[in-house]
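Notes follow the structure.
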Amino acid sequence: MSATDKHCNIAEPHNNVEPGSRKRNSSGFVKPRRRRSKLNVKITRPVYSESELQKGFEHSDRHHFPLVQIQDRVRRIRCRLRLKDVGTFIVNLLPIVHWLPRYNVRSNFLRDVISGCTIGVMRIPQAMAYAILATLPAVYGLYVAFYPTLVYAVLGTSRHISIGTFAVVSIMTGNAIDGFLANKADTDISTTITPTTAEGTITLPPDNNDQDRVEVAMALCFLVGIIQLLMGILRLGFVTIYLSEPLVRGFTTGAAVHVFTSQFKSLFGIKVPRFSGPLSIVKSYAHFFSHLSETNIATLVISIASIVFLTAASELLDYHANKGFCNREDTTEEEEGESGQPVKKKPRNKLPLPTELVVIVVATAISYKGNFEQRFGVNVVGNIPTGLPTPSLPPFRYFAQLLPDAVAIAIVAFAISVSMASLMAKRNNYEVNSNQELLAYGSCSIVSSFFHCFPHAASLSRSVVQESSGGKTQVAGFVSSVLVLVVLLFLGVLFTQLPVACLASVIVVALRGMFRQFKDILVLWKVSMIDLSIWIVSFVAVVFIGVDIGLMTAVLYSLITVIVRTQKPYCVLVGKIPGTDIYRDIAVMKDAEELPGIKIFRASSPLCFVNVEHFKASLYSKVGIDPQKELTKEGNGQTCCSCSCLNGKASDEAGDDEEELSDEEASPSTPTPTDVRDVHTIIIDCSMFSFIDVVGIKMLQNIVADYKELGIRVVFANCKAPIRRSMLMSSKLRKDHTIDLGHMYVSIHDAVLHFSTPSNSPVSKFS
């Protein structure tokens with residue numbers, strides 16, 4: 001029987017009615033009661049190898065050739081450069097041109113106004129608090145809350161994110177400013193000599209004033225914008241894929257620890273210098289506890305009262321919202337979630353109360369009435385100039401020293417912002433363009449840097465509130481900017497006596513959400529130990545090494561885990577589930593059966609130079625036949641009825657591989673040597689090969705040749721088009737026809753059916 005005479009049988013779908021389930025309804029008609037139907041598949045087709053499939057059906061690998069891909073890319077670029085398409089390209093850079101003319105005033109305007117007012121009330125206290133976090137006067141936070149929002153509304157593609165101050169970016173900015181000014185001070189100390197006496201004395205430079213910090217922040221903001229703009233032009237939006245969710249959550253939790261630590265001096269009224277470099281957080285705590293006796297009691301009372309009020313109000317609002325959810329009658333309605341399980345519909349979130357603004361207004365009034373600054377030495381915000389800042393150029397001379405910090409901030413800000421934008425888009429059924437988002441973020445930073453702003457990003461809390469309060473478009477951003485503008489022009493002077501401890505309290509309470517991410521440890525412990533290690537390394541590196549270097553350390557470790565998993569992939573033998581054409585891991589699926597004379601091997605990774613030795617050792621170990629040892633024994637005249645002990649390298653690597661598996665995945669026993677006469681075919685499942693390099697191809701050719709000398713045929717199944725093309729092209733160029741289309745089958749089942757027939761089975765030379 002030839003290969004084309006055998007057939008695979010699989011069923012047409014049909015529904016089943018449970019016997020004896022027919023009953024009469026109120027009208028007297030018989031109504032069948034249907035049970036959950038079983039869908040069967042039945043298809044009759046020939047057994048195909050790749051060569052037979054390509055003879056019967058049109059096939060082309062043209063689009064896989066690198067030269068063709070380059071030609072197609074050049075053709076698309078030339079089409080874009082045509083004059084009639086230039087205008088369209090420019091318009092696409094301004095998304096507001098698309099959505100503003102179609103804006104539905106009747107249904108969206110009122111919602112956007114309400115949402116914008118809500119966000120504007122949140123922006124004011126957060127902006128002043130996060131400016132203090134960035135080691136800048138509070139008014140500069142209001143500038144960040146105003147200018148970037150206007151630019152993003154014109155260029156951004158998200159309808160819901162709120163651009164402005166963000167805690168993690170602010171702390172990174174503060175660290176960059178402190179590090180830069182510390183280096184500058186060291187240089188000034190070593191070069192500044194003032195002849196005040198006859199002998200001459202070294203005069204320390206004056207303390208860094210606010211103007212120095214603002215100039216550094218402007219240069220940093222401009223540089224961040226340039227980096228993000230270049231990434232957008234070069235279409236490098238994909239770089240965020242290297243920031244996995246465990247990495248980002250561990251990073252933000254570690255950054256939250258730095259933010260929390262930096263607020264101790266404001267909460268207790270103690271002068272604590274900002275340390276930089278590795279173990280800076282340890283130095284900060286050591287200095288803080290050694291000067292704890294210097295605590296300003298009035299400042300501490302204000303901090304405790306503010307934190308207690310903000311926490312209690314937030315918890316009560318959460319409790320009230322949850323209680324209302326439970327008492328709603330319509331919560332019995334269910335809908336299918338992403339996992340396929342029914343979940344309850346979430347009620348619409350209510351408008352949040354401006355508790356932060358209440359604390360700031362009340363504290364400012366009490367501080368002004370009681371003259372806290374003079375009577376108790378409470379640190380206050382001080383003078384807040386009214387009006388808008390005069391545009392000025394950032395100091396370009398600082399760029400070289402700030403470049404490493406700017407790269408880290410640019411990537412982190414983009415990763416956080418685009419993640420929030422994608423989440424909001426998914427929840428509201430629209431799409432965002434990551435490359436256009438990069439252009440928008442870069443433009444926001446460049447434009448706002450001329451108006452004394454520091455780096456910024458999308459705020460997680462404000463974005464959620466903007467969506468839950470009914471916001472539909474970035475018109476809500478325009479409305480919130482109007483409120484900030486009113487404060488800048490008219491109301492800023494009213495916050496002069498605001499205690500800094502209140503702003504620190506707002507920051508500390510806002511960190512609760514980030515500290516809740518410690519719960520990730522329990523989840524990751526059960527799901528993936530590797531992801532857990534990424535989370536822990538990210539957190540520990542950021543806390544003890546620093547935010548910028550810690551991020552790079554976390555990214556490097558994350559990439560190493562990918563390399564290690566690629567270097568030692570999970571390799572198994574698969575067997576057939578009786579009565580089906582389904583093949584599963586025999587170590588996991590107990591019903592999966594190995595077929596007589598056939599071994600089916602699968603490796604769950606690409607095949608490249610880093611894992612070819614492990615692949616070969618695992619294949620020899622799982623199959624139980626080492627062709628090199630068998631051929632050596634044949635040359636020595638020994639009996640070759642079975643394979644002796646596997647070579648040490650294969651045994652060691654196979655043992656390591658088994659130790660990495662869980663109890664459920666591990667093989668019931670170590671593979672034992674197999675009689676060569678019991679195996680006539682080895683099928684390598686290539687479905688997991690995303691790519692293969694020349695080293696992997698050469699190794700496969702050697703395996704096929706070695707087993708062929710033992711009378712064992714090695715074939716491949718589920719080869720993707722790029723894998724086939726690489727293997728065939730390598731064989732053609734090397735003039736080595738060990739592997740051709742005749743060795744490739746469209747599926748494992750096709751190969752099994754073909755070699756299950758005795759006439760098609762190779763005969764072992766030891767038979």
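The figures here come from the full heavy-atom set of this structure, side chains too, leaving out hydrogens, waters and symmetry mates.
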Does any part of the side chain of [Y], heavy atoms only, come nearer than 4.5 Å to the side chain of [X], both counted from C-beta?
| X | Y | result |
| --- | --- | --- |
| Phe268 | Thr299 | no |
| Ser158 | Tyr430 | yes |
| Val272 | Phe264 | no |
| Val282 | Tyr285 | no |
| Leu438 | Leu229 | no |
| Leu439 | Asn435 | no |
| Glu467 | Asn428 | yes |
| Lys720 | Cys686 | no |

I need the [X] [atom1] to [Y] [atom2] distance, nearest 0.5 Å.
| X | Y | atom1 | atom2 | result |
| --- | --- | --- | --- | --- |
| Thr252 | Leu551 | OG1 | CG | 11.0 Å |
| Cys502 | Ile507 | SG | CD1 | 11.5 Å |
| Leu230 | Leu236 | CG | CG | 9.0 Å |
| Phe251 | Met514 | CZ | CE | 9.5 Å |

Return the minimal non-hydrogen interatomic distance between [X] and [Y], and the atom names on each side.
| X | Y | value |
| --- | --- | --- |
| Ala457 | Ser417 | CB-OG, 3.5 Å |
| Phe691 | Cys608 | CE1-CB, 3.7 Å |
| Ala504 | Gln263 | CB-OE1, 3.3 Å |
| Val542 | Ala255 | CG1-N, 3.6 Å |

Under 4.0 Å between a Lys/Arg side-chain N and an Asp/Glu carboxylate O for Arg512 and Glu315?
yes

Whether the side chain of [X] engages the backbone of [Y] through a donor-acceptor N/O pair (distance < 3.5 Å, no angle test) should be reported.
| X | Y | value |
| --- | --- | --- |
| Ser528 | Leu524 | no |
| Ser726 | Ile723 | no |
| Asn611 | Pro606 | yes |
| His614 | Cys571 | no |
| Arg462 | Thr165 | yes |
| Thr149 | Ile163 | yes |
| Ser463 | Ile161 | no |
| Ser538 | Ile534 | no |
| Ser262 | Val259 | yes |
| Ser303 | Leu267 | yes |

Will you find, in the side chains of Asn183 and Gln401, an N or O donor that is under 3.5 Å from an N or O acceptor?
no

Any side-chain donor-acceptor pair under 3.5 Å between Tyr140 and Asp210?
no

For Arg565, the salt bridge (Lys or Arg N to Asp or Glu O under 4.0 Å) test, sequence neighbours excluded, returns none

Please determine which of Phe450, Tyr152, Phe451 meets the ring pair (Phe, Tyr, Trp, His ring centres under 6.0 Å) test together with Tyr147.
Phe451

Are Phe399 and Phe222 an aromatic pair, judged by ring center distance below 6.0 Å?
yes

Is the distance between the ring centroids of Tyr143 and Phe146 less than 6.0 Å?
no

Go through it in stages, so that I can follow the logic: the residues are Cys221 and Ser448, the test is side-chain contact (heavy atoms from CB on, under 4.5 Å), and I'd like the CA-CA distance, side-chain angles, deciding distance and then a yes or no.
CA-CA 8 Å; Cys221 187; Ser448 60; 3.8 Å; yes

Derivation of the side-chain hydrogen bond (donor to acceptor under 3.5 Å, both in side chains) call for Thr157 and Glu437:
CA-CA 7 Å; Thr157 59; Glu437 287 292 293; 2.6 Å; yes

Kindly state each residue pair satisfying salt bridge (Lys or Arg N to Asp or Glu O under 4.0 Å) with at least one member in residues 397-407, sequence neighbours excluded.
Glu215-Arg397

Under 3.5 Å, which donor-acceptor pairs link side chains of residues 166-177 to any protein atom two or more places apart or in another chain?
| residue | atom | partner | partner atom | Å |
| --- | --- | --- | --- | --- |
| Ser170 | OG | Phe166 | O | 2.9 |
| Thr173 | OG1 | Val169 | O | 2.8 |
| Asn175 | OD1 | Arg274 | NH2 | 3.4 |
| Asn175 | ND2 | Ile171 | O | 3.3 |

